[in-house]
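Everything below concerns the one structure shown next.
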Amino acid sequence: MNGYYRRYLQVFVHFLPIAIALLRDQRRFLLFGPSRQVSTATHRDRAEQLTETMLELGPAFIKVGQVLSTRPDIVPPTYVEAFSTLQDEVPEDAGGDPLTVVEAELGDEIDLETLESVAGGSLAFVYTAAYEGDRIALKVRRPGLVSLIERDLRVIRGIVPLLTMFATERQRYSVENLADDFENIILEELDFKREASIMAEIGANLTDNERVVVPTTYDELCSERVVAMEYVDGNKITDDRALEAVGIGPTEMATLIARTYLKMSLVDGVFHADPHPGNLAVTDDGRLVIYDYGMSQRLTTQEQTDLTSLYRTLVRRDVDGLLNTLIALEILDPTVDRAAVRQVLELVIENLEGRSVVTWRAIITELFAMLHDFPFRIPPNVMLLIRAGTVGEGVCRSLDPEFDFLGVTRSFLVDQGFIESEFEALLSDIRTDLRESAPVLARAPARFDTVFGQLERGELVVRTDPVEATHGGDPAVGYAIVAGSLFVAGAILTFHELPLEGVSVLLALVFLGQYVRRRLAR
């Protein structure tokens with residue numbers, strides 16, 4: 001526990017300067033004084049300083065930054081942008097020598113003299129080695145990492161009450177939920193057996209796509225601390241020369257990336273949630289390679305349906321559908337003021353339509369920023385999907401600055417049958433309107449027959465109560481009202497197979513004549 005307090009103090013000291021600066025933004029002299037305006041450049045400097053601090057504090061805090069990059073409801077856009085650049089670049093000797101894990105786990109299976117280091121991440125290090133005549137890759141968890149992560153998780157939980165003291169009610173709700181969700185995400189990422197299983201499942205799902213490579217796993221070598229996989233060499237996805245060498249345009253590769261991730265999340269229900277440039281590569285024959293499946297997730301069938309609905313409603317600007325989807329995903333509480341939220345969502349769509357370029361990041365940022373008055377949470381699966389979308393879109397736009405993510409999404413949803421083309425959508429809306437109107441139209445003749453019978457028997461009385469007492473009145477107004485009603489009825493009855501509209505119009509003319517006669521007689 002002494003280690004806990006020492007670590008707590010270390011973390012506290014690292015974050016204290018930034019915390020004081022943020023508090024002074026609210027009260028210039030901490031406990032009193034007016035708020036102060038801070039320039040975007042200053043916030044950008046602070047965001048970069050925070051990013052460096054998280055890198056210094058190690059794996060758990062790197063993951064905190066990566067998760068926060070998906071939470072525009074908590075973190076301002078400038079900080080979201082900075083945190084989204086956090087990648088798992090850590091020296092090999094940080095947290096202990098991974099070679100000791102290789103020796104313990106695979107010392108009898110592979111020739112340790114063939115090991116060659118490749119890269120270091122916040123949770124693991126990657127080697128290549130010879131195995132049964134092939135070159136394989138080994139992702140090795142850093143030794144002693146679990147105890148360090150668990151200690152840092154306790155520290156983070158100890159810091160949360162301090163954060164909530166200075167947070168608004170809305171932010172407090174989000175921060176408390178984020179602490180629970182973050183713990184689940186990082187503990188799952190530490191389980192390398194789970195990663196190997198998800199990796200194999202994603203590989204099976206994408207096996208029909210010859211343009212995408214998911215390295216094959218060697219199950220007999222995998223364990224809770226090691227993922228053994230096929231070694232697939234590739235050039236960094238953002239290397240323009242590598243794409244030119246294989247004859248693939250940036251837009252073509254960006255489209256392949258976007259459609260691959262849409263398929264994983266919406267069709268297969270198992271997706272890779274960390275598509276930063278370090279995890280994507282292009283092979284010498286022009287195929288897309290996806291590495292590192294630690295930050296991945298499985299979705300339930302219902303979650304797939306709801307997430308598909310989220311994309312569909314955003315693409316079609318369907319406010320009511322979007323509201324229902326946010327409730328279904330448990331982002332909003334079912335008891336939320338639907339009328340108020342609907343107004344906010346209409347404003348979100350209006351703001352987005354006014355922009356020349358609409359990105360996935362802009363949609364998410366605008367959506368959650370506008371929902372600030374309504375307590376909401378982002379479940380872990382949705383959080384990871386948001387990360388996959390925002391980080392993946394960033395890669396696509398680095399390849400092609402004009403890349404239309406929404407256009408590609410719409411095309412994918414149409415191809416998969418999730419939404420109709422524009423013409424089919426119009427026909428669908430017409431069919432829906434007709435289907436809803438049919439029962440009313442079918443009952444209309446019987447209702448009009450009842451009304452006509454009451455008119456003939458003198459049983460129908462139109463009575464109006466004036467708001468203020470009047471002297472006298474105009475008895476002809478009743479004829480005008482009935483005449484207008486019959487004209488409307490005639491218009492409706494034109495859709496009926498029987499020529500009932502003629503009778504309605506004839507009666508309307510009779511009452512109109514009575515109205516004119518009474519008016520002239522006055």
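Scope of the values below: all heavy atoms of this structure, side chains included, with no hydrogens, waters or symmetry mates. Positions are given from 1 along the sequence.
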Does any non-hydrogen side-chain atom of E252 lie less than 4.5 Å from one of R211? yes
Look at the side chain of S411 and the backbone N and O of G407, then say whether any donor-acceptor pair between them is shorter than 3.5 Å. no
Rounding to 0.5 Å, atoms CZ (R44) and OG (S39) come to a distance of 8.5 Å
Are any side-chain N or O atoms of S309 and backbone N or O atoms of T305, one a donor and one an acceptor, separated by less than 3.5 Å? no
Under 3.5 Å, is there a donor on one side chain and an acceptor on the other for N209 and R287? no
Describe, in one word, how the ring planes of F405 and W360 are oriented to each other, choosing from parallel (under 30°), tilted (30 to 60°) and perpendicular (over 60°). tilted
Can you confirm whether more than 12 heavy atoms, excluding those of E81, are under 6.0 Å from its CD atom? no
List the atom of L280, the atom of P275, and the distance in Å for their closest heavy-atom pair. CD1-O, 3.5 Å
Among I156, L55, T53, find the one that has a side-chain contact (heavy atoms from CB on, under 4.5 Å) with F61. I156
How long is the span from the CZ atom in R317 to the CG atom in L322, to the nearest 0.5 Å? 11.5 Å
For the residue pair I248 and G286, what are the closest heavy atoms and their distance? CD1-O, 3.1 Å
Sub-4.5 Å side-chain heavy-atom contact between L153 and L187: yes
Ignoring hydrogens and geometry, is there a side-chain-to-backbone donor-acceptor pair from K63 to I185 under 3.5 Å? no
Intermediate values then yes/no, side-chain contact (heavy atoms from CB on, under 4.5 Å), L323 and L332: CA-CA 9 Å; L323 173 55; L332 290 173; 4.1 Å; yes
Are any side-chain N or O atoms of D333 and backbone N or O atoms of T335, one a donor and one an acceptor, separated by less than 3.5 Å? yes
Say you draw a straight line from CG of L16 to NE2 of H14; how long is it, rounded to the nearest 0.5 Å? 11.5 Å
Here the gap from E393 atom CD to I257 atom CD1, rounded to the nearest 0.5 Å, amounts to 12.0 Å
Tested for side-chain contact (heavy atoms from CB on, under 4.5 Å) against Y293, the lone hit among D274, T217, V214, N279 is V214
How far apart are the C-alpha atoms of F15 and L50, what are their side-chain angles, what is the distance that settles it, and do they pass the side-chain contact (heavy atoms from CB on, under 4.5 Å) test? CA-CA 8 Å; F15 284 115; L50 269 173; 3.5 Å; yes
When every non-hydrogen atom of I186 is compared with those of A60, the smallest separation belongs to CD1-CA, 3.9 Å
Rounded to the nearest 0.5 Å, how far apart are CG of L310 and CD1 of I364? 6.5 Å
Would you call Q66 and M54 a side-chain contact if the rule is heavy atoms closer than 4.5 Å? no
Check whether any side-chain heavy atom of D320 lies under 4.5 Å from a side-chain heavy atom of L345, and answer yes or no. no
If you look at every heavy atom in I198 and S296, which pair is closest and at what distance? CG2-CB, 3.6 Å
Intermediate values then yes/no, side-chain contact (heavy atoms from CB on, under 4.5 Å), R259 and D415: CA-CA 11 Å; R259 291 182 68 92; D415 292 345; 3.0 Å; yes
Taking the side chain as every heavy atom from C-beta outward, state whether L406 and L314 have any atom pair closer than 4.5 Å. no
Would you please test F12 and V155 for side-chain contact (heavy atoms from CB on, under 4.5 Å) and show each step? CA-CA 10 Å; F12 183 81; V155 170; over 6 Å; no
Before accepting this row, confirm whether a basic side-chain N of the pair D292/K139 lies closer than 4.0 Å to the acidic partner's carboxylate O. yes
Between atom CG of L307 and atom CZ of F271, what is the distance when rounded to the nearest 0.5 Å? 7.5 Å
Please check if the side chain of H272 supplies one atom and the backbone of A388 the other of a donor-acceptor pair under 3.5 Å. no
Taking atom CD as the centre, does E330 end up with more than 12 heavy-atom neighbours from other residues, nucleotides or ligands that are less than 6.0 angstrom away? no
Check: R7 and L148 side chains under 4.5 Å, non-hydrogen atoms: no
Minimum heavy-atom separation for C396 to A258, with atom names? SG-N, 4.3 Å
Quick check: closest heavy atoms across I237 and L243, and the distance to 0.1 Å? O-CD1, 4.0 Å
A side-chain contact here means heavy atoms from C-beta on lying under 4.5 Å apart; do V267 and F412 qualify? yes
Do D306 and Q302 have a side chain donor and acceptor closer than 3.5 Å? yes
Quick one: are L326 and V336 in side-chain contact, heavy atoms under 4.5 Å? no
Checking the side chain of S398 only, and the main-chain atoms of V395 only, is there a donor and an acceptor separated by less than 3.5 Å? yes
